[in-house]
Amino acid sequence: QELPEMVLLKFFRSENIPVPARPTPEQLSNLIKTSLHYPESFSHPFHEKSLCLVPVTLLLSNCSQAVVDVMIDLRHKTTSPEALEVHGSFTWLGQTQYKLQLKSQEVYSLQLKACFVHTGVYNLGTPRVFAKLVDQVTLLETSQQNSMPALIIINNI
C-alpha cells in the first residue's frame with residue numbers, strides 16, 4: 001500500500017480584513033469633550049444668606065464612534081498658591097462622583113451646583129473627567145483633555 005503524498009499547506013490572510021487598531025493615548029484622551037455652562041457673573045446678597053449657590057451645567061460629548069464609560073470626579077481642588085490667590089476656593093454641592101456610559105456621538109448634560117461663601121473670581125474648571133472604551137480591557141480610564149479655565153465672578157448685592 002502506497003503512502004499518500006505529503007502536501008504543504010499554505011495559510012494566507014486576505015489583506016482587506018481590517019485589523020482593529022489600538023487607539024493611541026492621544027485618541028483615548030480625546031474621547032470626551034467637556035464644556036461648562038454658567039453665568040459669567042452672579043450677584044448674591046451675602047448679608048442675607050451666607051451661601052451663594054450657582055447652577056452649572058457640565059456638557060459631555062462623546063466624540064467617538066464607540067460606547068464609552070465615563071467617570072466624573074468633582075473632588076479635585078486647585079491647590080497651587082497662585083491659583084488660590086486669583087481664584088478663591090469653592091465647593092461643589094451634592095454628589096462628588098458620577099459614572100455613566102455614553103453611546104456613540106451622544107451628548108449628556110449634567111446639572112451641578114457650585115457653592116461660594118465670598119465674593120471674588122473663581123475657576124469652575126475643576127471637574128476631572130476620565131473615559132475608556134467599553135470594550136477595552138484596561139482597568140483605568142484615561143484622563144480627558146481639560147478645557148480652558150472657566151472663570152465666574154461672584155458679586156455682593
Side-chain angles (χ1 to χ4, degrees), residues 18-157:
V19 176
R22 286 189 63 83
T24 65
E26 167 97 16
Q27 289 170 319
L28 288 175
S29 67
N30 287 298
L31 292 173
I32 302 294
K33 180 174 172 276
T34 60
S35 59
L36 286 167
H37 298 271
Y38 57 92
E40 273 182 35
S41 66
F42 196 86
S43 296
H44 178 78
F46 281 99
H47 59 280
E48 289 174 23
K49 283 168 70 178
S50 60
L51 294 182
C52 170
L53 302 181
V54 179
V56 177
T57 302
L58 174 60
L59 216 56
L60 302 152
S61 307
N62 182 353
C63 300
S64 75
Q65 299 297 323
V67 181
V68 176
D69 280 329
V70 182
M71 202 273 280
I72 300 121
D73 189 356
L74 300 177
R75 298 169 304 169
H76 180 62
K77 290 280 179 242
T78 307
T79 52
S80 69
E82 309 84 45
L84 286 174
E85 279 172 30
V86 182
H87 325 292
S89 185
F90 73 96
T91 305
W92 291 108
L93 281 193
Q95 194 173 328
T96 56
Q97 284 188 308
Y98 297 84
K99 283 187 187 251
L100 40 117
Q101 202 171 77
L102 296 182
K103 295 181 193 75
S104 166
Q105 305 292 310
E106 184 180 355
V107 176
Y108 185 83
S109 177
L110 188 60
Q111 302 306 314
L112 305 171
K113 278 215 186 311
C115 178
F116 306 90
V117 292
H118 300 291
T119 59
V121 178
Y122 297 88
N123 179 10
L124 295 176
T126 61
R128 291 191 300 174
V129 178
F130 302 91
K132 76 177 189 69
L133 299 172
V134 167
D135 57 5
Q136 208 179 6
V137 187
T138 45
L139 300 170
L140 294 172
E141 290 94 351
T142 304
S143 181
Q144 299 302 288
Q145 294 288 333
N146 207 347
S147 54
M148 299 298 289
L151 301 180
I152 184 172
I153 301 165
I154 303 297
N155 299 304
N156 195 9
I157 298 176

Ignoring hydrogens, what is the shortest heavy-atom contact between [X] and [Y]? Give both atom names and the distance.
X: S109; Y: L59; answer: CB-CD1, 3.7 Å
X: Y98; Y: L74; answer: CE1-CD1, 3.9 Å
X: T96; Y: R75; answer: CB-CG, 3.6 Å
X: F46; Y: N155; answer: CE1-O, 3.9 Å
X: F130; Y: S143; answer: CD2-CA, 3.6 Å
X: A131; Y: I32; answer: CB-CG1, 3.7 Å

Is the backbone of C63 close enough, under 3.5 Å, to the side chain of S61 for a donor and an acceptor to pair up by distance? no
Neighbour count >12 (heavy atoms, 6.0 Å) for atom NE2, H118: no
Mark yes when over 12 heavy atoms from residues, nucleotides or ligands other than Q111 sit less than 6.0 Å from its CD; otherwise mark no. yes
Contact between [X] and [Y] at the side-chain level, heavy atoms closer than 4.5 Å - yes or no?
X: Y38; Y: P55; result: no
X: F90; Y: L124; result: yes
X: V121; Y: I152; result: no
X: W92; Y: P127; result: yes

So side chain to side chain donor-acceptor pair (under 3.5 Å) across residues 45-56, not counting sequence neighbours, yields none
Test side-chain contact (heavy atoms from CB on, under 4.5 Å) applied to F42 and I153, step by step: CA-CA 6 Å; F42 196 86; I153 301 165; over 6 Å; no
How many angstroms lie between atom [atom1] of [X] and atom [atom2] of [Y], to the nearest 0.5 angstrom?
X: D73; Y: K99; atom1: CG; atom2: NZ; answer: 10.0 Å
X: I154; Y: S41; atom1: CD1; atom2: OG; answer: 8.0 Å
X: L53; Y: L112; atom1: CG; atom2: CG; answer: 12.5 Å
X: S64; Y: L31; atom1: OG; atom2: CG; answer: 5.5 Å
X: Q97; Y: R128; atom1: CD; atom2: CZ; answer: 9.5 Å

Verify the distance criterion only: is there a donor paired with an acceptor across the side chains of Q101 and D69 at less than 3.5 Å? yes
Show your working on side-chain contact (heavy atoms from CB on, under 4.5 Å) between Q105 and N62 and close with a plain yes or no. CA-CA 5 Å; Q105 305 292 310; N62 182 353; 5.9 Å; no
Apply side-chain contact (heavy atoms from CB on, under 4.5 Å) to L58 and T34, showing your working. CA-CA 7 Å; L58 174 60; T34 60; 4.1 Å; yes
Step-by-step side-chain contact (heavy atoms from CB on, under 4.5 Å) determination, L110 to T57: CA-CA 6 Å; L110 188 60; T57 302; over 6 Å; no
Which of V68, V107, I72 passes side chain to side chain contact (heavy atoms under 4.5 Å, CB included) with L60? Answer is I72
